[in-house]
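Residues take their numbers from the sequence shown, with the count starting at 1.
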Amino acid sequence: MKNTFLLLFTLFSLFASAQDTGSIAGKLTDKEFDNEPLPFANIIIKGTSKGTTSDDFGQYLLDNLSPGEYTVEYSFVGYETQTITATVEAGKVTEINVPMGANAASLEEVVIQTTTKRESEVAVLLEQKKAVEIKQIIGAEELSRKGVSDAAGAVAKISGVSKQEGSSNVYVRGLGDRYLNTTMNGLSLPSNNVNKKNIDLNLFSSDVIQNVSISKAYAAQFYGDFSAGNVDITSKEHKGGSFVDAFTGSGFNTNAIDKNFVRSEGTGYFGYYGRYDHNPFAVVLSHGVDPVSVNSPINVSYGTSGGTSFSFENGSRLSFFATGGFENNYEYRFGKAIDFSTVEKKAFEAAEEYEYSTTTTAMANVNYKINSDNNLSFNSVFINSSSDVVGYFGIDGKGRNRDAIIDTDQGFYQQNIQFDQTKMFVNQLVGNHKSGKIELDWGFGYNKVFSDQPDRKRFSVENYQYALDNDPTTNPTFYSNVVFDNQRYFQKIEDDEYNGRLNIAYQANDNLKFNIGYNGRNKTRLFNNIRYGYDIVDNGFEITNVNNFNSVFNLDNLNLNSSSNGIYEIKVIKPYPTLSNTNRPGLYENTYTGKLNIYAGYLDSEIKAGEKWLFVPGIRVESFEQNIAYDVINLGNNGKDNKTSKETFILPSLNIKYAITEDKNIRFSASKTVSTPEFKEVAPFVYEDVSTRIGGNPDALGYSDIYNADIKFESFFGRGEIFSVGLFAKQINDPINLVVVGDATGTQRYVRTGEKAEVFGVEVELRKNIIEDENEDAILALGVNATYMDTKQDLYKNIDGTFDLAFNKTSDKLQGASPFIFNADVSYSPTFKNYKPVANLVFSYFSDRIDALGSGDLGNIIEKSVPTLDFVWKNAIKDNFEINFSAKNLLNPTIQYVREDQNQGDILVTSANGKGVTDYKRGINLGLQLKYKF
């Protein structure tokens with residue numbers, strides 16, 4: 001790894017040269033608004049891609065300019081464009097303060113558009129260009145143009161990033177969930193899923209996003225648990241005049257539109273479940289199990305946004321922004337559900353799932369500009385997300401089960417009705433204060449998450465083929481090998497997190513700046529679950545209607561004592577001390593409490609050497625303490641324990657930026673970081689789905705040292721245009737992988753699999769305007785990015801611990817790493833008087849990657865490559881009305897996971913990271929949206 005660092009640094013040094021330059025700086029003020037500072041205006045040097053935007057206080061800087069004469073253009077929507085000629089001298093700053101006047105005819109438009117410039121593609125590209133560290137940004141304007149509806153879709157458009165089809169998993173440079181961090185406005189976000197470290201980015205709709213950035217190179221202000229990158233969501237805010245806009249839309253999925261759709265009983269249209277406050281046993285007794293029919297499966301969406309500002313005589317300004325929206329989605333999947341280890345355990349060649357999902361989003365932002373040197377902002381976000389899936393497995397009567405009682409080769413059938421709901425509250429208070437050479441930036445956040453899976457219902461049937469033969473004398477029966485083959489399941493997760501950041505910047509002189517800061521997190525998770533099993537006491541009971549289990553599982557058929565003629569009894573694993581485990585409420589079956597405390601201080605400096613070089617060395621000292629106390633049933637006497645990890649990390653970093661010219665940079669980064677295990681990776685609770693099992697491993701406790709190196713060349717050769725190429729390398733010591741443990745259950749667990757893993761890769765990105773208008777705005781534009789990477793990790797021959805396993809190979813690729821990732825989009829945006837359509841084709845592809853490593857004689861589970869193609873057509877009618885059309889997943893590829901098997905070849909299997917079926921198509925999603933701006 002040291003040789004890699006040396007090679008990359010040598011390549012970097014080849015680009016070095018020196019040249020004296022000057023700068024243009026100043027302030028923009030609004031003549032129409034009491035000479036208030038004018039933020040987010042565009043300042044461009046005509047004939048070049050050199051430009052910037054004014055900050056919150058109207059100030060701007062154009063630096064690294066070669067001596068000479070320049071024509072500078074100052075513009076803002078609805079304001080008269082100002083063009084000024086300026087002379088730049090080496091080593092000097094030319095100050096130009098520009099008062100901007102609004103055109104009276106378009107003054108109202110200015111009020112509406114005040115916040116949009118900070119979200120524009122040009123603005124975010126300029127921010128990326130000026131950034132100290134290596135990062136990439138996609139703004140709200142680009143999200144809208146490409147028809148991206150959430151943050152997960154946004155990051156998947158960035159080079160080196162791919163999203164796992166059918167799940168919320170995002171991979172950066174081949175590294176998945178456990179190697180990422182997610183923040184909002186620089187403050188950490190919680191997870192909404194027991195099996196994930198990061199929040200589901202699908203939850204953040206584009207309505208609350210100003211831009212999304214990924215920092216791929218480490219800097220001292222980030223938490224030390226940094227490997228692949230840090231995803232930061234910047235929330236929308238408003239600082240202009242009053243505005244209101246509203247939208248509504250509808251559409252359908254081609255797979256779902258003609259189906260008789262069903263969803264869980266007791267769940268609401270808006271994704272709420274009203275029985276959380278009741279004891280699960282009371283729910284089992286009082287509510288049925290059958291799904292309910294749904295009216296036409298039509299997708300809908302609607303929402304509104306608004307904002308206003310108030311200015312005061314003392315120069316302060318108070319601004320408000322709020323947005324809210326709701327959307328739902330119907331999806332139907334037909335495929336297979338197969339559990340295969342060294343032998344086939346369970347197989348459904350014909351399985352179907354009906355999924356109804358919802359997302360409700362609300363955000364409010366209050367910004368108070370006290371004066372030009374002091375600013376406060378409060379941000380509050382509420383998200384409710386739900387997924388309601390009704391699955392039928394073995395609907396052809398040919399389902400197989402190795403453990404079946406009557407017939408292992410046919411007739412096995414399972415029904416799984418599952419509702420998941422996440423309610424998330426994010427509250428943040430941030431401030432910025434300036435005094436002379438000192439700038440203070442701080443933030444404090446509190447996150448609360450409720451992630452629940454209430455009343456999952458699962459039933460198992462044998463001889464299901466008899467339900468299809470139209471013969472009333474032959475009927476299926478319940479499969480009841482163990483009590484919980486027919487069950488009701490309840491799971492709760494509750495997270496609380498306090499987090500904060502503080503940064504004091506001291507500008508010693510024009511060439512030297514210091515940052516000293518603090519980060520802290522205090523996080524607690526409470527997890528519990530309980531099952532109630534239906535023990536079928538009437539072994540000969542025949543099911544006369546497989547679509548009416550309510551006629552079976554009701555109080556009339558409950559077997560209360562030995563003299564009754566009931567069909568079933570209700571069983572629980574852990575009874576109350578004074579109660580029976582039969583027909584009585586019980587205690588939680590599995591629990592764990594996770595606590596995480598991180599306190600860190602850091603110091604870095606920004607050192608300018610001449611006008612070309614910028615060096616940013618940094619050091620971070622981080623105290624890490626994690627405790628997981630668990631009580632689980634699957635480990636017997638070892639199932640109740642407490643695991644603690646306490647470490648102090650010293651993490652150096654170095655970021656270097658070299659400006660070859662005004663529009664070309666070379667960046668180099670080297671750092672040491674760590675990877676620490678998540679609660680769910682350590683707590684050995686096992687979650688059992690229809691055909692998959694996944695659980696934690698106490699032996700995963702500890703941490704991994706990671707060494708990172710990057711070198712990148714970037715050229716900003718036109719307005720909104722960029723070409724970049726980068727090389728990256730990582731070494732991960734003691735890596736953790738998801739592994740299928742070679743036991744009878746085939747459970748996937750998190751395991752430290754070897755001494756080290758290595759990642760090497762190259763990234764290329766191009767954004768090019770093919771045709772431009774007279775204002776240099778793109779009419780036809782192309783964006784392409786690609787990543788190729790090679791990974792290799794050592795594998796131990798034998799691993800002895802809580803779960804023993806062995807590998808029959810010494811090395812393999814890294815789990816989750818795609819050798820090749822490709823994204824492309826083409827945008828066409830002509831103008832016909834007041835009609836301004838924008839047509840986009842957006843394509844993405846990732847090659848085959850390891851979903852889970854196989855141990856012993858088990859082959860790896862592979863997620864097969866998936867290409868996707870979306871078409872988005874936005875139609876702006878005049879300036880305040882839009883009619884938009886989208887057609888997504890046009891290629892409609894088949895989603896497959898396979899088990900590699902030396903004897904039988906690739907065998908289709910279901911993934912614990914995916915949906916309940918494999919070998920399925922998602923269908924094409926067609927949508928129409930109307931949007932009006934007041």
Checklist entry - Do Q507 and N509 have a side chain donor and acceptor closer than 3.5 Å? => result no

Checklist outcome for this item: side chain to side chain donor-acceptor pair (under 3.5 Å) with N371: of D373, N375, N374, only one passes, and it is N374

Next on the checklist: Are I24 and V88 packed together at the side-chain level, in the sense that at least one heavy-atom pair is separated by less than 4.5 angstrom?
Outcome noted: yes

Item to check | Parallel, tilted or perpendicular, as decided by the 30° and 60° cut-offs, for the rings of H433 and W442 | outcome: parallel

Checklist entry - For the side chain of S54 and the backbone of L38, is there at least one donor-acceptor N/O pair under 3.5 Å apart? => result yes

Next on the checklist: I'd like to know if the side chain of T182 and the backbone of V231 have a donor-acceptor N/O pair within less than 3.5 Å.
Outcome noted: no

Next on the checklist: I want to check a possible cation-pi pair here: R620 against Y218, using under 6.0 Å from ring centre and within 45° of the ring axis as the test.
Outcome noted: no

Next on the checklist: Quick check against the 3.5 Å criterion: does K423 have a side-chain atom that pairs as donor or acceptor with the backbone of S385?
Outcome noted: no

Item to check | Reported OG-to-CZ distance for the pair S305 and F243, which is rounded to 0.5 angstrom | outcome: 6.0 Å

Checklist entry - Who passes ring pair (Phe, Tyr, Trp, His ring centres under 6.0 Å) against Y498, sequence neighbours left out? => result Y446

Next on the checklist: Are T358 and Y272 packed together at the side-chain level, in the sense that at least one heavy-atom pair is separated by less than 4.5 angstrom?
Outcome noted: no

Item to check | Pairwise distance CD(E772) to CD1(I779) - rounded to 0.5 angstrom | outcome: 8.5 Å

Checklist entry - Is there a side chain to side chain donor-acceptor pair (under 3.5 Å) between T53 and N42 once you walk through the steps? => result CA-CA 5 Å; T53 56; N42 287 330; 5.8 Å; no

Checklist entry - Between F425 and F382, how do the two ring planes meet: parallel, tilted or perpendicular, split at 30° and 60°? => result tilted

Checklist entry - Tell me, do S829 and K836 make a side-chain contact under 4.5 Å, heavy atoms counted? => result no

Item to check | Pair K448 + D495, salt bridge at N-O below 4.0 Å | outcome: no

Checklist entry - Is there a side-chain contact between K523 and D496, using heavy atoms and a 4.5 Å cut-off? => result no

Checklist entry - Can V98 and I84 be said to form a side chain to side chain contact (heavy atoms under 4.5 Å, CB included), step by step? => result CA-CA 9 Å; V98 183; I84 299 174; 3.8 Å; yes

Next on the checklist: Within this structure, what is the CD1-CD distance for the pair I44 and E73, rounded to the nearest 0.5 Å?
Outcome noted: 7.5 Å

Next on the checklist: Would the distance check show the side chain of N185 and the main-chain N or O of S235 forming a donor-acceptor pair, the cut-off being under 3.5 Å?
Outcome noted: yes

Next on the checklist: Side chains of L189 and T183, heavy atoms from C-beta outward: is any pair under 4.5 Å?
Outcome noted: no

Next on the checklist: Between K369 (side chain only) and R317 (backbone N and O only), is there a donor and an acceptor less than 3.5 Å apart?
Outcome noted: no

Next on the checklist: Assess the residue pair N503 and Y602 against the criterion (side chain to side chain donor-acceptor pair (under 3.5 Å)); give the C-alpha distance rounded to whole Å, side-chain angles, the decisive distance to 0.1 Å, and a yes or no.
Outcome noted: CA-CA 9 Å; N503 187 86; Y602 65 86; 2.7 Å; yes

Checklist entry - Taking the side chain from T323 and the backbone from M363, do they hold a donor-acceptor pair closer than 3.5 Å? => result no

Checklist entry - Looking at CZ of F226 and CZ of F222, how far apart are the two atoms once the value is rounded to the nearest 0.5 Å? => result 5.5 Å

Checklist entry - Please walk me through it: do D604 and N515 pass side chain to side chain donor-acceptor pair (under 3.5 Å)? => result CA-CA 5 Å; D604 71 32; N515 289 286; 3.1 Å; yes

Next on the checklist: Distance check, rounded to the nearest 0.5 Å: Y60 atom OH versus T52 atom OG1?
Outcome noted: 10.0 Å

Next on the checklist: Does any part of the side chain of F76, heavy atoms only, come nearer than 4.5 Å to the side chain of T81, both counted from C-beta?
Outcome noted: no

Item to check | Criterion ring pair (Phe, Tyr, Trp, His ring centres under 6.0 Å) on F326 and Y302, from CA distance to verdict | outcome: CA-CA 6 Å; F326 169 79; Y302 46 82; 5.7 Å; yes

Checklist entry - Does CG in D510 sit with more than 12 non-hydrogen atoms of other residues, nucleotides or ligands closer than 6.0 Å? => result no

Checklist entry - How far does CG of N328 sit from OG of S301, to the nearest 0.5 angstrom? => result 8.0 Å

Item to check | E721 side chain to N769 backbone, donor-acceptor under 3.5 Å | outcome: yes

Next on the checklist: Salt bridge check, D441 against K434: does any charged N sit closer than 4.0 Å to a carboxylate O?
Outcome noted: no

Checklist entry - Under 4.5 Å between any side-chain heavy atoms of S377 and L429, yes or no? => result no

Item to check | Beyond-backbone contact of V449 with T422, side-chain heavy atoms, under 4.5 angstrom | outcome: yes

Item to check | Partners meeting side-chain hydrogen bond (donor to acceptor under 3.5 Å, both in side chains) with N181 (sequence neighbours left out) | outcome: K197

Checklist entry - Run the side chain to side chain contact (heavy atoms under 4.5 Å, CB included) check on L318 and F312 step by step: do they pass? => result CA-CA 8 Å; L318 183 64; F312 305 100; 3.9 Å; yes

Item to check | Derivation of the side chain to side chain donor-acceptor pair (under 3.5 Å) call for Q221 and N519 | outcome: CA-CA 8 Å; Q221 73 268 22; N519 300 105; over 6 Å; no

Checklist entry - With no hydrogens and no angle check, do the side chains of N432 and E439 hold a donor and an acceptor under 3.5 Å apart? => result yes

Checklist entry - Is the backbone N or O of N884 less than 3.5 Å from a side-chain atom of E882, with the two atoms forming a donor-acceptor pair by type? => result no

Checklist entry - What closest approach, in Å, do L61 and S23 show between heavy atoms, and which atom pair accounts for it? => result CD1-CB, 4.0 Å

Next on the checklist: Strictly distance-based, threshold 3.5 Å: is any side-chain N or O of N379 a donor or acceptor partner for the main-chain N or O of N365?
Outcome noted: no

Checklist entry - Taking NZ, NE, NH1 and NH2 as the nitrogens, is one of them in K608 or E606 under 4.0 Å from a carboxylate oxygen of the other? => result no

Next on the checklist: Quick one: does any side-chain atom of N447 pair with a main-chain N or O of S188 as donor and acceptor, under 3.5 Å?
Outcome noted: yes

Item to check | Geometric class of the F934/Y932 ring pair [parallel <30°, tilted 30-60°, perpendicular >60°] | outcome: perpendicular

Checklist entry - Which atoms form the tightest heavy-atom contact between T360 and F270, and what is the distance? => result OG1-O, 4.0 Å

